[in-house]
There are 2 protein chains.
Amino acid sequence: VLAAHDVTKTYRMGDVDVHALRGVNVGLRQGELLVLLGPSGSGKSTLLNILGGLDVPTEGRVMYKERDIAALGDRELTRFRRDHVGFVFQFYNLIPSLTARENVALVTEIAEEPLDPREALELVSLADRMDHFPSQLSGGEQQRVAIARAVAKQPDILLCDEPTGALDVKTGIRVLEVIDEVNRTLGTTTAVITHHAPMASMADRVISLSDGRVYQEHENETK
Amino acid sequence: VLAAHDVTKTYRMGDVDVHALRGVNVGLRQGELLVLLGPSGSGKSTLLNILGGLDVPTEGRVMYKERDIAALGDRELTRFRRDHVGFVFQFYNLIPSLTARENVALVTEIAEEPLDPREALELVSLADRMDHFPSQLSGGEQQRVAIARAVAKQPDILLCDEPTGALDVKTGIRVLEVIDEVNRTLGTTTAVITHHAPMASMADRVISLSDGRVYQEHENETK
Ligand SMILES: Nc1ncnc2c1ncn2[C@@H]1O[C@H](COP(=O)(O)OP(=O)(O)OP(=O)(O)O)[C@@H](O)[C@H]1O
Ligand SMILES: Nc1ncnc2c1ncn2[C@@H]1O[C@H](COP(=O)(O)OP(=O)(O)OP(=O)(O)O)[C@@H](O)[C@H]1O
Ligand SMILES: [Mg+2]
Ligand SMILES: [Mg+2]
């Protein structure tokens with residue numbers, strides 16, 4: 001349903017080029033839960049941003065149901081993201097002047113069939129922090145608000161960049177269960193970047209990047 | 001050498017009080033490597049910030065070699081931090097307008113016996129990213145610059161708030177080895193907040209927080 005075809009991303013830094021992605025082919029199948037692994041700097045966030053229409057490749061195409069989103073203008077790209085993609089950012093990107101609940105509500109007001117903000121925050125055990133501003137939340141609490149915000153939208157496509165990085169093991173498992181549940185009950189096509197091994201076994205498929213290339217791919221038969 | 005005595009931290013939020021820390025007693029012994037564990041929101045960052053003089057307790061004292069730093073004025077607190085403490089922040093706090101090397105150099109220029117910035121970045125395998133700005137670095141690379149910056153200072157006290165949160169297992173282990181080595185060879189008194197279990201076994205002592213209190217303490221005899 002969403003696929004990167006021969007995607008390359010090169011940053012020109014004076015006389016040195018950084019090849020963040022080198023001809024990557026990754027397709028997300030309808031309703032699957034894909035996990036993306038790889039060392040720090042291997043290109044995972046770059047790939048996820050390009051798939052989600054937050055960035056454009058230097059070469060290659062990104063097909064969403066027959067349309068090449070890499071060729072869209074800014075306005076259409078924004079509409080594609082707003083209508084179809086829920087994103088959990090590696091740096092959360094919460095709005096500092098809005099409370100946890102308002103941050104979630106911002107996204108649900110424009111969605112077609114959103115969860116109630118309170119409900120989404122309850123999924124990540126933050127009902128008692130609804131009126132805190134981001135600066136009044138711990139690192140892990142901010143990360144969970146970012147997750148609630150993406151999930152509340154009930155999007156077709158959910159892209160999560162390291163959703164458990166700041167969480168203790170127990171809270172991290174809770175969050176991965178929420179993501180897994182959304183994928184199973186709503187059929188949300190989901191891609192998760194994580195360093196957390198247990199998530200890899202929850203996935204339908206695991207793709208490993210190394211130095212800007214797909215290094216290996218693995219199907220979980222037992223699932 | 002650095003100890004929190006009966007430290008309490010309460011945030012007043014309208015008619016609800018948030019008790020981030022409730023009478024915590026934690027002392028760092030000279031040259032030890034202490035690990036601080038606990039669920040998201042249990043008060044770890046709050047405690048570390050208070051120990052490092054970045055925040056003040058609502059009640060209680062923080063003794064650094066006989067002086068109560070919780071009672072110091074802003075200027076003296078800043079000098080205490082600058083002269084004695086290296087801090088790796090949960091949100092890295094890199095300066096966006098400076099490159100990786102410049103971010104590290106900023107701290108080494110005012111330190112007594114600093115590492116060369118290039119050397120510090122080599123410790124975390126980032127010599128080839130020295131001239132990148134934070135926005136041109138991956139999440140894990142930014143985290144490693146923050147670590148290089150704290151370690152380069154060669155401080156008496158090193159406080160690390162989740163230094164491996166954004167790192168894959170292999171890179172995370174490399175970073176923990178760097179921290180462990182600094183502690184062993186320089187005798188740096190070190191406290192690390194982490195969710196990464198292997199670090200707990202590298203520590204001399206492990207303290208677990210729960211809901212703002214010390215929940216349990218464990219000495220690693222085998223070390
Ligand atoms: N400025 C503030 N105002 C109100 N509450 C706050 C403020 N700062 C922190 N808190 C609350 O204090 C509690 C402890 O926060 P702290 O950042 O110490 O947790 P933590 O153990 O570091 O969590 P994490 O593992 O998620 O980083 C949290 O529940 C948080 O919501
Ligand atoms: N704007 C930029 N200019 C130059 N280089 C960049 C830029 N953005 C990213 N890079 C480089 O591209 C590479 C891939 O970055 P990316 O953020 O995709 O890595 P990642 O796999 O998500 O890493 P991590 O696990 O550390 O988050 C990194 O080595 C980074 O230094
Ligand atoms: Mg990344
Ligand atoms: Mg914290």
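Letters A, B, ... mirror the listed sequences (proteins, then strands); counts begin at 1. Note that these values count all heavy atoms, side chains included, but never hydrogens, waters or copies made by symmetry.
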Separation of A/Tyr92 OH from B/Phe91 CZ (nearest 0.5 Å): 5.0 Å

Between A/Arg129, A/Met13, A/His195, A/Gln90, the one whose heavy-atom pairs under 4.5 Å with chain B are most numerous: A/His195

Which atoms of A/Asp128 approach chain B - backbone, side chain, both or neither, heavy atom under 4.5 Å: neither

Side chain / backbone / both / neither for B/Asp131 at chain A, heavy atoms under 4.5 Å: backbone

Where at least one partner belongs to residues 46-61 of chain B, residue pairs that pass side chain to side chain donor-acceptor pair (under 3.5 Å), sequence neighbours excluded: B/Lys9-B/Asp55

Pairwise side-chain contact, B/Val18 with A/Gln136, heavy-atom cut-off 4.5 Å (strictly under): no

Heavy-atom pair count under 4.5 Å with chain A, highest-scoring of B/Ser45, B/Pro39, B/Gly172, B/Gly43: B/Pro39

Top of A/Ser40, A/Gly38, A/Gly140, A/Ala20 for chain B proximity - count of heavy-atom pairs under 4.5 angstrom: A/Ser40

Which atoms of A/Thr171 approach chain B - backbone, side chain, both or neither, heavy atom under 4.5 Å: side chain

Side chain, backbone, both or neither of A/Ser138 within contact of chain B (heavy atoms, under 4.5 Å): side chain

Heavy-atom contacts under 4.5 Å, residues 141-149 of chain A to chain B: A/Glu141, A/Gln142, A/Arg144

